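Note that the coordinates shown come from a computational prediction; the quantities given were computed from them, not determined experimentally.
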Amino acid sequence: MLKLTFKEKVQEAGLKRAVKYLGSNPEENLPKILHFMEKIQRKTSIVGGQLAVFKKYIEDKDNNWYRLLVSCYHDIDPKVFQTVFTNLVINASVIGSNRQKAAEAKYNCNIPWAILMDPTSACNLHCIGCWAAEYGNKLNMSYETLDSIVNQGEDLGCFMYIFSGGEPTVRKDDIFRLCTAHPECEFLAFTNATLIDEEFAKNMLRVKNFIPAISIEGDEEATDFRRGQGTYKRIMKGMEILKKYKLAFGASCCYTSRNVQSIGSEAFFDSLIQMGCKFAWFFTYIPVGNAAHTDLMVSAEQREFMYHQVRSFRKTKPLFTLDFWNDGEYCNGCIAGGRRYLHINANGDIEPCAFIHYSDSNIKTGTLLQALQKPLFMEYRKHQPYNKNNLRPCPLLDNPGQLVDVVEKSGAASTDLQSPEDVHELCGKCVEHAKSWAPVADELWGKGHHVARTSRK
């Protein structure tokens with residue numbers, strides 16, 4: 001169970017008074033939640049910036065964000081909705097953020113808001129351009145190791161855990177066991193959805209703190225091209241089951257040179273909403289691994305297309321969207337290296353990012369805090385942000401020389417056990433993209449599309 005300080009107990013008690021209003025009448029209860037959160041803000045000086053945004057959306061019932069909140073009320077099981085709200089708003093965003101700030105000041109290192117970890121390298125698909133597909137199915141972290149990661153993370157203020165792989169639902173029994181053991185944490189998984197069935201949905205209803213982010217590449221043709229014939233129909237079946245059981249879920253979308261027009265179309269956004277998705281994370285293809293397909297990388301024009309499409313639909317569609325690269329302006333650049341998140345692969349190697357496969361520490365031989373204080377993560381901290389233009393946030397895709405510098409200064413080694421990749425060769429594949437994207441990003445930045453923001457470094 002979550003151990004709270006006296007101050008945290010006071011904060012939690014106030015916020016939980018708001019949670020009781022998460023019922024079936026959003027038009028009546030959302031303003032009540034806002035009222036209680038405003039009282040808490042006056043007494044404790046917490047959730048200030050987030051509260052102002054929340055208030056803006058609640059008071060404008062024509063706003064698409066208000067429509068999204070109302071749809072969550074109607075489409076998601078009330079107890080699941082309450083659990084998600086409690087874990088994300090109270091635990092992760094209030095108690096967790098305060099703990100993270102205190103730990104960062106105490107230890108002088110980055111402290112993550114979320115931890116991404118791979119229970120296994122095994123996968124039942126073999127998708128084109130997926131580095132995990134090259135790792136084989138031999139690597140697994142034990143349940144005890146996964147449980148230890150969560151316990152260590154909670155002590156530092158991390159209450160958000162994301163599973164990747166491999167296909168994480170291959171380890172569904174251990175995942176649901178972990179959800180049960182840590183009801184105060186929220187768990188999300190990037191999944192191909194092909195293993196989601198009625199039993200899986202019933203387990204989600206039971207634990208209430210697990211959300212799938214389902215990988216989909218656009219329409220049926222685009223999805224099956226990369227993930228295999230018939231995969232799209234299996235994804236639709238999984239989403240249908242989740243919607244039937246009134247469960248929260250979203251999409252994980254990787255845009256490539258082959259599918260960008262499909263994945264960035266209004267028809268695709270509308271289809272996600274119709275399927276029942278409440279959020280969508282967008283990633284661009286990165287050529288990680290010696291055998292990576294560089295021809296799948298998007299052009300600068302295609303990346304700009306996604307920049308405009310995502311922002312346009314945010315204003316009109318009731319779907320919460322994140323673009324992992326193009327949204328650097330909202331978080332002051334790169335969030336990796338523990339600044340907001342880190343990655344632990346199925347071998348236990350602690351990496352700064354899911355796309356940066358270099359490490360100088362392993363969870364089996366050290367702690368999370370020790371890894372955050374080691375040279376690799378400290379070099380990340382020194383270099384962030386990697387560019388004054390936060391539309392060029394990435395040390396690999398946008399500033400490849402920066403990643404070379406970080407890896408060489410820290411002495412980190414490739415974590416690819418089958419075919420270690422030299423950092424110069426990896427970064428060399430991104431040089432042309434970085435050159436072509438720079439003037440486009442600089443023009444967008446100069447036009448004032450970016451937002452002024454202060455944030456914890």
Minimum side-chain heavy-atom gap Arg234-Lys237 below 4.5 Å: no

Heavy-atom donor-acceptor pair, Lys243 side chain to Gly276 backbone, under 3.5 Å: no

Asp147: salt bridge (Lys or Arg N to Asp or Glu O under 4.0 Å) partners, not counting sequence neighbours: none

Side chain Ser148, main chain Thr145, donor-acceptor under 3.5 Å: no

Any donor-acceptor N/O pair, Gln100 side chain to Gly157 backbone, under 3.5 Å: yes

pair Val150-Met117: side-chain heavy atoms closer than 4.5 Å: yes

Phe324 and Phe355 aromatic ring geometry - parallel, tilted or perpendicular at 30°/60° bounds: tilted

Pairing of Asp270 and Lys317 as salt bridge, 4.0 angstrom limit: yes

Set of residues satisfying side-chain contact (heavy atoms from CB on, under 4.5 Å) with respect to Leu116, sequence neighbours excluded: Ile162, Ser164, Phe190, Tyr341, His343, Ala354

Non-hydrogen side-chain atoms of His182 and Arg177 separated by less than 4.5 Å: no

Beyond-backbone contact of Arg303 with Val298, side-chain heavy atoms, under 4.5 angstrom: yes

Pairwise side-chain contact, Leu376 with Ile350, heavy-atom cut-off 4.5 Å (strictly under): no

Criterion side chain to side chain contact (heavy atoms under 4.5 Å, CB included) on Phe282 and Trp325, from CA distance to verdict: CA-CA 8 Å; Phe282 292 89; Trp325 276 266; over 6 Å; no

Glu217 and Arg258: CA distance, side-chain angles, deciding distance, salt bridge (Lys or Arg N to Asp or Glu O under 4.0 Å) verdict: CA-CA 10 Å; Glu217 309 293 326; Arg258 288 288 300 264; over 6 Å; no

Side-chain (Asp416) to main-chain (Glu421) donor-acceptor, under 3.5 angstrom: no

Leu68 side chain reached by Phe320 side chain, heavy atoms, under 4.5 Å: yes

Expected output: side-chain Asn192 to main-chain Thr194 donor-acceptor under 3.5 Å: yes

Asn390 side chain to Pro393 backbone, donor-acceptor under 3.5 Å: no

Polar side-chain atom of Arg339 near backbone of Asn110 as donor-acceptor pair, under 3.5 Å: no

Set of residues satisfying salt bridge (Lys or Arg N to Asp or Glu O under 4.0 Å) with respect to Arg206, sequence neighbours excluded: none

Counterpart residues, salt bridge (Lys or Arg N to Asp or Glu O under 4.0 Å), relative to Lys172 (two or more places apart): none

Contact check, side chains of Thr284 and Met306, non-hydrogen atoms, under 4.5 Å: no

Shortest non-hydrogen contact from Cys185 toward Tyr161: SG-CE1, 3.8 Å

Asn140 (side chain) donor-acceptor with Ala346 (main chain) under 3.5 angstrom: no

Residues which pass side-chain contact (heavy atoms from CB on, under 4.5 Å) with Leu205, listed by chain and number, not counting sequence neighbours: Asp77, Val80, Tyr245, Leu247

By salt bridge (Lys or Arg N to Asp or Glu O under 4.0 Å) - contacts of Glu198 (at least two apart): Lys244

Aromatic contact, Phe187 with Phe159 (centres under 6.0 Å): no

Stepwise salt bridge (Lys or Arg N to Asp or Glu O under 4.0 Å) test for Asp327 and Arg311: CA-CA 10 Å; Asp327 282 343; Arg311 280 158 178 74; 3.3 Å; yes

Tyr73 ring center near Phe81 ring center (under 6.0 Å): yes

Heavy-atom check, side chain of Gln82 versus side chain of Lys208, under 4.5 Å: no

Residues Arg381, Glu104; criterion salt bridge (Lys or Arg N to Asp or Glu O under 4.0 Å); working and verdict: CA-CA 11 Å; Arg381 180 176 170 84; Glu104 183 174 346; 3.1 Å; yes

Salt bridge (Lys or Arg N to Asp or Glu O under 4.0 Å) between Lys233 and Glu240, intermediate numbers included: CA-CA 10 Å; Lys233 286 185 170 62; Glu240 180 182 317; over 6 Å; no

Pair Phe176 + Phe200: ring centers closer than 6.0 Å: yes

